[in-house]
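Notes for the one structure printed next.
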Number of protein chains: 2
Amino acid sequence: MNGNVIVGQSGGPTAVINSSLAGVFKTAKDRGAKKIYGMCNGIKGLLDEKYVDLTEKLDSTMAIDLLKRTPASALGSCRYKLPEVSEGKEIYERIFEILKKLDVKFFFYIGGNDSMDTIKKLSEYANLVKSDIRFMGVPKTIDNDLAVTDHTPGYGSAAKFIAATMKEIIRDGHVYDSPTISIVEIMGRNAGWLTAAAALAKSDDCEGVDLIYLPEKVFDVDHFISKINELSKKGKSIVVAVSEGVKVADGRFVFELAEHVEFVDAFGHKQMSGTAKFLANKITAVLGLKARAIELSTLQRCAAHMTSRTDITEAYNVGGAAVKAAFEGESGKVVVIKRVSDDPYMVITETADVNKIANIEKKIPLEWITDDDYVTQELIHYIHPLIQAELSPIMVDGLPRHLNLTL
Amino acid sequence: MNGNVIVGQSGGPTAVINSSLAGVFKTAKDRGAKKIYGMCNGIKGLLDEKYVDLTEKLDSTMAIDLLKRTPASALGSCRYKLPEVSEGKEIYERIFEILKKLDVKFFFYIGGNDSMDTIKKLSEYANLVKSDIRFMGVPKTIDNDLAVTDHTPGYGSAAKFIAATMKEIIRDGHVYDSPTISIVEIMGRNAGWLTAAAALAKSDDCEGVDLIYLPEKVFDVDHFISKINELSKKGKSIVVAVSEGVKVADGRFVFELAEHVEFVDAFGHKQMSGTAKFLANKITAVLGLKARAIELSTLQRCAAHMTSRTDITEAYNVGGAAVKAAFEGESGKVVVIKRVSDDPYMVITETADVNKIANIEKKIPLEWITDDDYVTQELIHYIHPLIQAELSPIMVDGLPRHLNLTL
């Protein structure tokens with residue numbers, strides 16, 4: 001193999017982003033790469049010449065198996081957008097100089113649609129300066145909002161955690177004889193894929209959530225309140241899944257509605273109530289019913305103790321497929337997942353032009369959202385295979401063991 | 001066996017309270033009980049003659065194994081305090097009339113220190129009216145605040161979930177090169193046992209949390225801010241575990257400090273910020289640093305997908321031991337856990353007078369809290385065995401399966 005490999009992670013972490021790192025590393029090693037470097041904190045760290053030699057850090061099959069089970073970006077991440085070449089040529093020169101020094105011929109970047117912009121720009125610059133370095137994108141995001149690919153690694157595990165947790169919250173919510181109302185806020189500013197996963201809670205042994213609100217559809221606060229009022233008359237507990245990103249007709253986020261009042265704490269700092277908190281308070285204020293707000297928060301993107309085996313394997317495979325494609329000559333591409341069969345569920349990987357993916361958001365088709373504030377069977381059917389099977393954590397001393405590259 | 005059995009659940013649910021229910025049921029059945037009834041929504045439901053025949057509902061070993069893995073009170077719960085006999089004799093007469101109708105001779109109540117008040121009063125009334133019905137308490141609470149017993153079933157699993165989740169949040173917090181500050185709010189209004197479990201995150205593969213604040217010690221906001229300021233200068237991410245119940249010197253909860261400002265939303269409803277949210281805002285306001293608040297919320301008491309095998313087995317055993325004791329003639333007692341050896345960890349069950357447990361809260365000894373805002377090795381050593389080993393969820397269609405008695 002002619003030349004070395006470098007790999008970086010970028011954007012928000014997921015529970016399986018390190019499985020993709022493991023896939024890049026293992027495949028590159030198996031296919032004869034001599035040195036495999038890891039950028040510390042993505043392209044931003046690379047610019048400061050911060051990198052590690054992964055061949056030293058990942059020197060056993062145990063280390064690789066632990067890496068697959070470690071949440072968040074093991075190499076560190078960044079949110080850094082490269083300037084246009086015309087506006088920052090020296091940054092590109094600097095990056096290529098560092099890559100030359102390390103004899104890197106293959107560059108892999110694991111990230112979402114923003115991070116794929118880095119692959120787009122670097123591969124364009126490589127063309128411009130006639131460099132033979134190959135640049136490949138490896139997709140990840142819990143948000144599942146990448147174009148072209150059937151779905152994105154990281155989503156299946158987050159969806160599984162959300163569905164499992166909703167089942168537990170529903171059981172908890174049905175405990176008392178006086179009905180409770182739980183408003184569960186789920187991540188997703190613009191796309192509702194994560195919130196939609198709450199629908200999977202409904203099964204033989206679970207009542208499921210009662211209402212689902214996604215950012216793809218305009219949120220009507222009055223309609224919501226009347227829905228809750230209607231359901232509350234049945235005398236049963238209510239569980240609502242709502243995306244943090246739902247917006248009202250004038251384009252404001254629901255969590256911004258509270259801004260209208262002077263909402264400052266003792267230190268003059270303006271407070272922003274969460275979406276669920278705002279809706280729970282509104283229910284209490286208008287209907288006089290007790291409602292609790294639950295934010296799944298950071299847990300939904302880092303719950304490595306509850307991953308989908310389907311997802312973690314696909315995350316590994318897209319890493320490996322990126323190496324294969326680059327080693328065979330491709331550049332300026334992103335590995336995507338193509339679903340070749342729904343039942344039985346079967347997928348293959350392909351590569352797609354990075355221009356079709358960088359900076360583009362894929363949302364839920366409106367026809368998959370029902371008029372009675374729920375989602376269709378088609379949407380459930382789409383998510384269902386992505387949460388199947390488990391990869392057991394390696395439990396040491398009572399807790400899931402991780403691989404910590406920074407200690 | 002002379003007479004039937006009835007069992008109820010009361011107070012806040014836990015991830016393993018149903019394992020105690022399984023222990024009561026299975027042991028009573030094995031020891032020859034003919035009918036085993038379950039009160040729906042505890043003593044409150046029983047007063048309305050709401051009960052189920054558990055011998056019908058739990059008719060297979062599979063059902064019992066699913067029940068052990070089902071979070072929240074499968075029979076439903078209540079928060080209901082019996083009046084003193086002198087103030088509500090008719091309620092006692094009504095209960096004993098119902099028990100007579102069902103030919104119940106053994107009454108088991110699974111709950112915390114408030115619920116044990118029910119066992120106390122019913123057994124006292126039984127003495128008063130010379131009834132031969134036996135009343136036994138089965139301990140449960142995630143809060144671990146019951147007196148006499150070494151620890152309380154439900155605590156170990158919540159502690160394990162908290163420690164595992166803290167490890168994941170710590171990994172997530174260390175992702176970016178610019179340090180982040182995470183304030184994680186953990187349950188416990190008066191006792192800090194749950195928050196202290198965050199200390200278990202520190203291990204070979206994890207930096208651990210930086211600061212731990214428990215309600216047993218007065219919280220000083222200025223001191224907290226100066227601690228954060230000091231730590232932030234090291235340029236590393238910070239993770240803080242704080243109990244929802246921390247109080248300042250004048251006795252107010254920290255979350256009440258925000259009340260001083262007119263804190264009303266668009267509907268005139270007074271808002272209460274959480275403890276973590278208040279502290280995160282304060283950090284931003286005073287130090288100009290970005291801080292995020294994470295509430296573990298309901299998840300810590302219902303995460304049945306991540307239970308401690310030690311805890312779930314002990315939960316089962318205290319249920320069984322209560323039956324054994326009652327069948328052998330005891331009444332007005334609570335089953336407690338006695339740690340007979342620390343290393344290796346070994347426990348036995350005993351019974352204790354309900355008067356020593358009902359309405360009493362056990363807090364963390366002050367000498368287990370350090371001056372540098374952390375906890376001692378003694379406290380870690382105490383919790384450590386309680387989170388060991390796992391009971392794998394039974395995964396069906398990608399999600400943990402529960403036993404739903406109410407569907």
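Heavy-atom basis, side chains included; hydrogens, waters and symmetry copies ignored. Since the model is a prediction, treat every value here as computed from it, not as a measurement. The chains referred to below are lettered A, B, ... by the order of the sequence lines, with proteins before strands, and numbering in each begins at 1.
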Using heavy-atom distances under 4.5 Å, tell me whether A:Ser182 contacts chain B through its side chain, its backbone, both, or neither. neither

Using a 4.5 Å heavy-atom cutoff, which residues in residues 295-305 of chain B come close to chain A? B:Glu295, B:Leu296, B:Ser297, B:Thr298, B:Leu299, B:Arg301, B:Cys302, B:Ala303, B:Ala304, B:His305

Write out, in numerical order, the residues from residues 8-16 of chain A with a heavy atom short of 4.5 Å from a heavy atom in chain B. A:Gly11, A:Gly12, A:Pro13

For chain B, which candidate among A:Leu75, A:Asp172, A:Leu403 shows the most heavy-atom pairs at distances under 4.5 Å? A:Asp172

Could you tell me the separation between the CE atom of B:Met395 and the CD atom of A:Glu390, rounded to the nearest 0.5 Å? 3.5 Å

Correct closest heavy-atom pair for A:Ala164 and B:Leu399 would be N-CD2, 3.7 Å

Among the options B:Ile169, B:Thr310, B:Asp397, pick out the one with the most heavy-atom pairs lying under 4.5 Å from chain A. B:Asp397

Please state whether the side chain, the backbone, both or neither of A:Phe161 comes within less than 4.5 Å of a heavy atom of chain B. side chain

Residues forming a salt bridge (Lys or Arg N to Asp or Glu O under 4.0 Å) with B:Asp65, sequence neighbours excluded: B:Arg69

Chain B contact via A:Arg292 - which portion, at a heavy-atom distance below 4.5 Å: side chain

Leading residue by heavy atom contact count with chain B [cutoff under 4.5 Å; candidates A:Gly42, A:Ser73, A:Gly45, A:Ala201]: A:Ser73

Output for pair (B:Ser77 OG, A:Tyr176 OH), nearest 0.5 Å, gives 4.5 Å

Once rounded to the nearest 0.5 Å, what's the spacing between atom NZ of B:Lys277 and atom NZ of A:Lys277? 10.0 Å

Criterion side-chain hydrogen bond (donor to acceptor under 3.5 Å, both in side chains) against A:Asn404, the qualifying member of B:His174, B:Lys167, B:Glu207: B:Glu207

Proximity breakdown for B:Thr70 and chain A, heavy-atom pairs closer than 4.5 Å: side chain

For chain A, the option from B:Pro393, B:Pro71, B:Ala74, B:Gly76 that forms the most heavy-atom pairs under 4.5 Å: B:Pro71

Heavy-atom cut-off 4.5 Å, strictly under: side chain, backbone, both or neither for B:Lys44 against chain A? side chain

Is chain B contacted by the side chain of A:Thr165, its backbone, both, or neither, given a heavy-atom distance below 4.5 Å? side chain

Would the distance check show the side chain of B:Asn41 and the main-chain N or O of A:Val175 forming a donor-acceptor pair, the cut-off being under 3.5 Å? yes

Pairwise side-chain contact, B:Pro400 with A:Met306, heavy-atom cut-off 4.5 Å (strictly under): yes

Restricting to salt bridge (Lys or Arg N to Asp or Glu O under 4.0 Å), what partner residues turn up for B:Arg401, sequence neighbours left out? A:Asp204, A:Asp205

